[in-house]
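Structure first, then comments.
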Amino acid sequence: MRKKTESAAPVVVIGAGMAGARLAARVPGVTVVGEERHAPYNRVLLADVLAGRYAPDVIALPATEVRRGVRAVRIDRADRLVHCDDGSVLHYGRLVLATGSNPLLPPLRGLGATLPDGVHPFRTLDDALALRAAVRPGARAVVIGGGLLGVSAARALAECGAQVVLAQQSEHLMERQLDPEAAALLRVHLEALGVEVHTECRVRGLRCTTTATGESVRAVQLSDGYELAADLTVLACGVRPRTGLARAAGLDVRKGIVVDDELRTSDPYIHALGDCAEHRSTLYGLAGPALEQADVLAEVLAGRPARYEGTRALTRLTLRSPDPVHALDLAAFGEARPLPGDDVIRLSDATRGAYRTVVLREGRLAGGVLLGDLGAVAGLARTWQDDEPLPPAMSLLHLLTDDGGH
């Protein structure tokens with residue numbers, strides 16, 4: 001028999017990221033435990049902090065009471081207790097795991113449990129601030145990973161005056177979101193800003209030297225024996241859900257913490273959301289789905305009927321610049337890579353710096369990519385999210401025009 005009734009203890013949220021903060025803003029009386037010393041912030045804007053456009057307080061989320069700098073170390077499911085590293089113990093009626101994810105550290109030679117000086121992950125506000133403090137005009141920076149985060153970091157470092165090399169293992173940049181044509185245009189944009197881009201580039205290890213304070217990176221070694229000189233190395237190789245706390249508590253964990261449509265784990269008194277949650281075998285790792293999950297869970301915790309049925313996620317990226325001429329807007333949704341039998345419609349306008357492509361499958365919009373002018377993105381995204389057959393009379397070219405969604 002449980003010692004605490006559900007009404008005897010509050011909702012406790014472990015994790016003060018975007019998902020945890022969103023939930024706390026919608027559920028009164030929530031206790032939030034956050035490892036970071038900062039107030040909750042918008043992680044999407046970290047590259048803007050690195051570039052020096054925004055101070056940390058600018059990207060702070062609306063005020064949420066958080067026990068900062070406190071780490072939950074153990075969950076006692078029998079008594080519904082959370083034990084923290086400061087010795088405190090929290091009772092819960094419902095517990096929410098919003099533990100997020102950790103940067104994935106690749107198995108490179110020279111990369112141990114302690115990162116050498118000059119090697120930086122890029123996941124938290126402290127990471128962005130440390131990079132900002134370390135970068136100098138003319139510094140040689142190598143970014144390992146050409147996904148969304150790596151591209152953002154490379155662009156920001158170039159804006160700081162660094163000599164940037166972006167090393168991507170796959171055939172093109174942002175392969176999860178972009179088709180080859182859009183990735184090629186993105187590459188041209190980065191190279192015009194001075195970023196040296198290497199695709200199909202496998203990194204083997206780091207060459208470090210010993211200094212008075214420890215190991216310090218000097219170069220990034222490629223599998224073909226070539227070395228990229230580096231004063232700074234940024235690891236942007238993806239993320240891994242933080243599931244250790246859930247696993248130790250005996251919850252069902254696969255790639256992430258398994259949840260149902262009410263974001264409930266295998267323990268009916270514990271929920272999970274955001275990067276750490278696996279819903280219908282899907283890990284999202286994006287801000288949009290995390291916020292949508294938080295909104296659904298707020299309804300569930302309030303006793304109102306609500307179900308999370310997955311997110312048809314739209315990825316947007318703005319590579320900002322002090323000179324608006326050198327800014328680039330990008331949006332991608334659904335499946336941008338056509339399958340046999342799909343129809344593809346593509347428009348390119350060099351004068352306006354615009355590129356748009358959509359994939360149609362069995363009369364429905366399967367996905368698309370837009371670069372430059374995003375005037376049509378709202379209408380396209382709505383059509384895709386509705387997942388309804390396109391009316392026979394609808395002009396597909398009309399969907400791709402600026403007024404197609406208005």
Side-chain angles (χ1 to χ4, degrees), residues 11 13-15 17-23 26-27 43-44 75 77 94-102 104 147-148 174-177 238-316 331-339 342 359 361-362 364-368 380-389:
V11 176
V13 179
I14 300 176
M18 295 178 70
R22 175 76 157 234
L23 181 68
R26 283 158 172 70
V27 180
R43 199 177 303 275
V44 175
I75 300 168
R77 290 169 54 194
R94 295 288 185 95
L95 177 63
V96 180
L97 302 178
T99 49
S101 54
N102 283 327
L104 187 61
L148 182 65
M174 292 182 63
E175 61 173 350
R176 289 183 58 187
Q177 292 90 9
V239 295
R240 177 180 289 121
R242 296 185 64 182
T243 60
L245 200 60
R247 195 182 297 275
L251 300 177
D252 186 5
V253 176
R254 297 173 196 161
K255 291 182 178 179
I257 306 168
V258 178
V259 296
D260 63 14
D261 290 355
E262 291 186 334
L263 289 312
R264 199 185 312 270
T265 70
S266 52
D267 183 323
Y269 296 95
I270 302 179
H271 300 261
L273 75 166
D275 286 7
C276 67
E278 178 179 337
H279 175 261
R280 298 186 186 179
S281 301
T282 299
L283 288 164
Y284 288 98
L286 296 169
L291 298 179
E292 187 174 335
Q293 290 171 4
D295 291 343
V296 170
L297 185 53
E299 295 297 301
V300 171
L301 294 176
R304 293 185 285 267
R307 299 179 70 83
Y308 177 69
E309 298 183 348
T311 299
R312 295 171 70 82
L314 172 72
T315 299
R316 289 193 69 152
F333 58 93
E335 299 179 44
R337 295 181 179 180
L339 300 176
D342 289 348
V359 175
R361 183 173 302 151
E362 298 179 352
R364 287 176 166 84
L365 191 58
L380 287 168
R382 280 196 300 270
T383 302
W384 169 66
Q385 289 169 343
D386 291 343
D387 196 29
E388 295 292 335

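Atoms considered below: every heavy atom in the structure, side chains included; atoms not considered: hydrogens, waters and symmetry mates. All values reported here derive from a predicted model rather than from experimental measurement.
For the pair G17 and R43, the tightest heavy-atom approach, listed with the atom from each and the gap, is CA-NH2, 4.3 Å. The shortest non-hydrogen separation linking G256 to P241 is CA-CB, 4.4 Å. Taking all atoms of both residues into account, the shortest heavy-atom contact from A277 to L283 is O-CD2, 3.2 Å. Residue R254 comes nearest to R247 through the heavy atom pair O-NH2, 3.8 Å, listed as atom of the first residue, atom of the second, then distance. For the pair T99 and R242, the tightest heavy-atom approach, listed with the atom from each and the gap, is OG1-O, 2.8 Å. A98 and V13 get closest at one heavy-atom pair: CB-CG1, 4.2 Å.
For S101, the side chain to side chain contact (heavy atoms under 4.5 Å, CB included) partners are R123, V239, D275, not counting sequence neighbours.
Counted within 6.0 Å of CZ on R364, heavy atoms from surrounding residues, nucleotides or ligands total more than 12; the atom is thus considered enclosed. More than 12 non-hydrogen atoms from other residues, nucleotides or ligands lie less than 6.0 angstrom from CZ of R312.
A side chain to side chain donor-acceptor pair (under 3.5 Å) with H271 is found for exactly one of R94, E262, Q293, namely R94.
In this structure, V96 and V11 have side chains that are in contact, with non-hydrogen atoms separated by less than 4.5 Å. Side-chain atoms of Y284 and T311, non-hydrogen and from C-beta on, do get closer than 4.5 Å to each other. Residues F333 and L380 meet the side-chain proximity criterion, which asks for heavy atoms closer than 4.5 Å. Taking the side chain as every heavy atom from C-beta outward, L251 and R77 approach each other to under 4.5 Å. At a threshold of 4.5 Å between non-hydrogen side-chain atoms, the residues L273 and V259 do not count as touching.
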Apply side chain to side chain contact (heavy atoms under 4.5 Å, CB included) to the pair L95 and I14, showing each step before the final yes or no.
-> CA-CA 8 Å; L95 177 63; I14 300 176; 3.8 Å; yes
Worked check of side chain to side chain contact (heavy atoms under 4.5 Å, CB included) between R22 and D295 = CA-CA 8 Å; R22 175 76 157 234; D295 291 343; 2.9 Å; yes
Just do the side chain to side chain contact (heavy atoms under 4.5 Å, CB included) check on E292 and E309 with the steps written out, would you?
-> CA-CA 10 Å; E292 187 174 335; E309 298 183 348; over 6 Å; no
Test E335 against R361 for side chain to side chain contact (heavy atoms under 4.5 Å, CB included), laying out the working first.
-> CA-CA 10 Å; E335 299 179 44; R361 183 173 302 151; 3.1 Å; yes
After noting the C-alpha distance and the side-chain angles of E299 and R26, does the key distance pass the salt bridge (charged side-chain N to carboxylate O under 4.0 Å, His left out) rule?
-> CA-CA 9 Å; E299 295 297 301; R26 283 158 172 70; over 6 Å; no
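Rounding to the nearest 0.5 angstrom, the gap separating the CD1 atom in I75 from the CD1 atom in I270 is 5.0 Å. Atom CG of L23 and atom CG of L301 lie 6.0 Å apart (nearest 0.5 Å). To the nearest 0.5 Å, the span separating CD1 on I257 from CZ on R264 amounts to 15.0 Å. Considering CG of L263 and CG of L97, their distance stands at 11.0 Å, rounded to 0.5 Å. Remark: Y308 OH to L297 CG distance equals 12.0 Å, nearest 0.5 Å. Note that OG1 of T315 and CG of L286 are 5.0 Å apart. Values are rounded to the nearest 0.5 Å.
At distances below 3.5 Å, not a single donor-acceptor pair connects side-chain atoms of D387 with backbone N or O atoms of W384.
A side-chain donor from one of H279 and D261 sits under 3.5 Å from a side-chain acceptor of the other.
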